[in-house]
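Whatever order the structure lists ligands and atoms in, that order sets their numbers, starting from 1. Position 1 is the first residue of the sequence; numbering continues from there.
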Amino acid sequence: MSGFGKDGRVTRLFLAVWPPPEIVERLAALPRTEQAGVRWVPPENLHLTLRFLGQADPEDVDASLGHLELPTAEVTLGPAVSRLGRSVVVIPATGLDELAAVVRDATAMIGQPLDPRPFAGHLTLARLKHRAACGVAGAPFRATFPVTSIALVESTQTGRGVEYTTLGRYVVGRVPGTP
Ligand code: 3AM
């Protein structure tokens, strides 16, 4: 774990998997038609959320995850761009359920209450306003990659949109402190 200030800042946080650069490149190459009511996620922000914490102290997260053995995971994205609910354009993701459950259990008392809905692995590509149509829905996309770490990410709303900063990473598949 690295990258935390010790100033006890309270921030909006979430835990996520960053896809590897070659997958981000392929995701960014999907058609991104600029049209009214469609807000595309910039390629550098593409991620798979494991848990949204909201306002929380990063040190509490570190205390909960820093000594935990996180299960390994292999993400499969696909088979195609689809919708999650009415307004989110996603690529479904499988392979993260066990990791998400461990993260969720370990951080249950931190940040906002747990979402009672079952975990639905996905990578958000765009958000739609007023049920806008989005040309990319249905486009085939398949990719598989191993998860090497999960990231604690700080989300900051700026004039240019949302900015994500990785505050720290937790390696999966080994007990912290062992080689
Ligand atoms: O990974 P996705 O796109 O599903 O929608 C936000 C994004 O999810 C979600 O957290 C992820 C990283 O920002 N998010 C933002 N605010 C939220 C909230 N208040 C939220 N999820 C639940 N409650």
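- Evaluated for a side-chain contact (heavy atoms from CB on, under 4.5 Å) with Tyr170, the options Leu68, Ile150, Val103 yield exactly one hit, Ile150.
- Under the 30°/60° scheme for interplanar angles, the aromatic rings of His47 and Trp18 are found to stand perpendicular.
- No more than 12 heavy atoms of other residues, nucleotides or ligands sit less than 6.0 Å from atom CD of Glu25.
- Near ligand 1, Arg12, Phe14, His47, Thr49, Phe52, Gln112, His122, Thr124, Arg127, Tyr164 each place a heavy atom less than 4.0 angstrom from the ligand.
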Pairs under 3.5 angstrom only: tabulate donor-acceptor contacts from the side chains of residues 135-142 to other protein residues two or more places apart or in another chain.
none

Could you list the donor-acceptor pairs under 3.5 angstrom formed between side-chain atoms of residues 32-45 and any protein atom two or more places apart in sequence or on another chain?
{"residue": "Arg32", "atom": "NH1", "partner": "Val41", "partner atom": "O", "Å": "2.8"}
{"residue": "Arg32", "atom": "NH2", "partner": "Val41", "partner atom": "O", "Å": "2.8"}
{"residue": "Gln35", "atom": "NE2", "partner": "Ala133", "partner atom": "O", "Å": "2.7"}
{"residue": "Trp40", "atom": "NE1", "partner": "Thr33", "partner atom": "O", "Å": "2.9"}
{"residue": "Asn45", "atom": "ND2", "partner": "Val162", "partner atom": "O", "Å": "3.2"}

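- For Arg86, the side-chain contact (heavy atoms from CB on, under 4.5 Å) partners two or more places apart in sequence, or in a different chain, are Arg131.
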